[in-house]
2 protein chains.
Amino acid sequence: MSRRPQTDLAVLGALSVEPMTGYALRAAITSTLGHFWSESFGQIYPALARLEEAGLVGRDEERRFTLTDPGRVRLRELLAEPIERSPARNGLLLRLFFGRTLGREQCIELLQDAVREAGESLATLAAIRAEVEAENSPDRDYFLLTIAAGEAGARAQAQWASSSIASLRQSPDQPHPRD
Amino acid sequence: MSRRPQTDLAVLGALSVEPMTGYALRAAITSTLGHFWSESFGQIYPALARLEEAGLVGRDEERRFTLTDPGRVRLRELLAEPIERSPARNGLLLRLFFGRTLGREQCIELLQDAVREAGESLATLAAIRAEVEAENSPDRDYFLLTIAAGEAGARAQAQWASSSIASLRQSPDQPHPRD
DNA sequence: AGAAACATGTAAAATGTTACATGATTGT
DNA sequence: ACAATCATGTAACATTTTACATGTTTCT
């Protein structure tokens, strides 16, 4: 099965929340969905064109893209499909796995970056959470669910990275192999 | 910058641990690295051919691929490069974000799957951990670091999903929009 | 002898990113 | 008028997956 349905899912889903221009859609995917989803710029307009062709999205008076009734049906279908997992690609863990070659100090630096990054994530998520909690959208509880996932992940990363730094500091630095 | 360096990093790194055939390399990437990295089958042999051409890997008496000295230098270079983050693509969160359309019960099922999955991950990781702890490899401490990351993530996911299920059960199910 | 696993590769198709191109609208 | 932002798209390129193709070795 192609991965295009996943792009369609993101696009139709975003339009189910509110009608938007392609430009706004891109901004929504970058900012709101950005913590757990991404679509590259060059995917969105072709997807919209295809979906419009198929009658799944239309335009309102202000030329914003809207979800049609068939589009809503299609969205439900896509939501019910089994989750396609994207391949794991964690560059940090890949580097730490070969940490003996990279060297202890550099590993510690990477882990410090990870702690900092997790902190930044938590700050961003707190801001988004405040915004979402202020709204009274019917989607609110579900939005908060995804925010909570991000927060849980960030906290786990911060704790893991911190304790990893501590344990690396206790172990002796080994010389690089063959140096 | 192309993403090929990332594939090279995985291949050279794996060979830095021990010499292997391409077949074994693939198995190593699937099983050991599999929790945080993936390379598709069709990438590995072309990468090996390219790296051999460039003199970064060679063959030992048993025709296993080995890391050459220039290869080790290149590996260090690649390890020191900034981490390229791969785009976030979390199908579970994408579906939950549109949970109002998907429906509360289906969301709960997805979350239950997530809890189960996290449990399976923890079991697999525990097995790998036991194996690695038994070894006395110089890479051991770094391997354990990456295992700990997986464990932390899995535990965070299990907790988040469990408490999300509880909170969804408390909120009333809203009818599907426009049904 | 046959099955299963080992081993190496290629080609086509699908996917995805990046850079470029163009014009309208809005605020200063 | 000018800059910034809004808005829509295309084309070239890079990456990745999947399916196919082929032969060897090892175990039963």
Side-chain angles (χ1 to χ4, degrees), chain A residues 1-11 14-15 18-31 33-34 36-53 57-66 78 81-91 94, chain B residues 1-11 14-15 18-31 33-34 36-53 57-66 78 81-91 94:
Chain A
M1 184 67 66
S2 68
R3 211 174 272 160
R4 203 173 300 159
Q6 301 258 95
T7 299
D8 289 1
L9 173 52
V11 169
L15 294 179
E18 58 179 345
M20 275 180 266
T21 64
Y23 190 84
L25 185 59
R26 186 209 169 195
I29 288 176
T30 306
S31 65
L33 296 190
F36 53 84
W37 199 259
S38 69
E39 287 299 338
S40 85
F41 189 62
Q43 306 268 95
I44 293 175
Y45 282 106
L48 280 170
R50 205 163 16 80
L51 292 168
E52 192 173 19
E53 177 86 19
V57 309
R59 308 274 198 136
D60 67 6
E61 331 75 50
E62 301 174 51
R63 294 191 47 75
R64 291 177 304 187
F65 291 95
T66 60
L78 290 174
E81 273 185 17
I83 294 172
E84 259 178 73
R85 45 193 73 274
S86 56
R89 284 276 160 93
N90 187 326
L94 186 65
Chain B
M1 184 66 67
S2 71
R3 212 173 269 157
R4 202 173 299 159
Q6 300 259 95
T7 299
D8 289 0
L9 174 51
V11 169
L15 294 179
E18 58 180 344
M20 275 180 265
T21 64
Y23 191 85
L25 185 59
R26 185 208 170 195
I29 288 176
T30 306
S31 66
L33 296 190
F36 53 84
W37 198 257
S38 69
E39 288 299 337
S40 86
F41 188 63
Q43 307 268 96
I44 293 175
Y45 283 106
L48 281 170
R50 206 163 17 79
L51 292 169
E52 192 173 20
E53 177 85 19
V57 309
R59 309 275 199 135
D60 67 7
E61 330 75 50
E62 301 173 50
R63 294 191 46 76
R64 292 177 304 187
F65 290 94
T66 60
L78 290 174
E81 273 185 18
I83 295 172
E84 258 179 74
R85 44 192 73 274
S86 57
R89 283 277 162 92
N90 187 324
L94 186 65

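Chain letters run A, B, ... following the sequence lines, proteins first, then strands; residues in each count from 1.
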### Task
Indicate, with a heavy-atom threshold strictly under 4.0 Å, whether B:Ser40 touches base, sugar-phosphate, or nothing.
base
### Task
Report the distance from atom CD of A:Gln6 to atom P of C:dA14, rounded to the nearest whole Å.
17 Å
### Task
In whole angstrom, give the distance that lies between atom CD1 of A:Ile44 and atom P of C:dT17.
10 Å
### Query
Over how many whole Å does the gap from A:Ile29 atom CD1 to C:dG16 atom P extend?
13 Å
#### Entry: Derivation of the side chain to side chain contact (heavy atoms under 4.5 Å, CB included) call for B:Leu78 and B:Gln6
CA-CA 8 Å; B:Leu78 290 174; B:Gln6 300 259 95; over 6 Å; no
#### Entry: Residue-phosphate contact under 4.0 Å: A:Arg26 side-chain N/O, D:dA7 OP1/OP2
no
### Task
Could you tell me whether B:Gly22 contacts a base, only the sugar-phosphate backbone, or nothing, with contacts defined as non-hydrogen atoms closer than 4.0 Å?
sugar-phosphate
### Task
Remember a base hit wins even if backbone is also touched, and classify A:Arg50 as base, sugar-phosphate or nothing at under 4.0 Å, heavy atoms.
nothing
### Query
Is there side-chain contact between B:Asp8 and B:Arg50, with at least one heavy-atom pair below 4.5 Å?
yes
### Query
Out of D:dT17, C:dG9, C:dG16, which has the shortest distance to the side chain of A:Gln43?
C:dG16
### Distance (rounded to the nearest 0.5 Å) between A:Leu48 CG and A:Phe65 CZ
4.5 Å
### Among C:dC6, D:dG9, C:dG16, the one nearest B:Tyr23 by side-chain distance
C:dC6
### Query
Rounded to the Å, how far apart are B:Glu53 CD and C:dT8 P?
17 Å
## Note on the structure
Taken to the nearest whole Å, CG/A:Leu25 to P/D:dG9 is 12 Å
### Query
Atom CZ of B:Phe41 to atom P of C:dA12: distance rounded to whole Å?
18 Å
### Query
Under 6.0 Å from the six-membered ring centre of B:Phe36 and within 45° of its axis: does the NZ or CZ of A:Arg89 meet both?
no
### Message
Between C1' on D:dA14 and CZ on A:Arg89, what's the gap in Å once rounded to a whole number?
### Response
13 Å
### Query
Is any NZ, NE, NH1 or NH2 atom of the basic residue among B:Arg64 and B:Glu18 found under 4.0 Å from an Asp or Glu carboxylate oxygen of the other?
no
### Task
Whole angstrom is fine here: how far is it from CD in A:Glu84 over to P in D:dT16?
16 Å
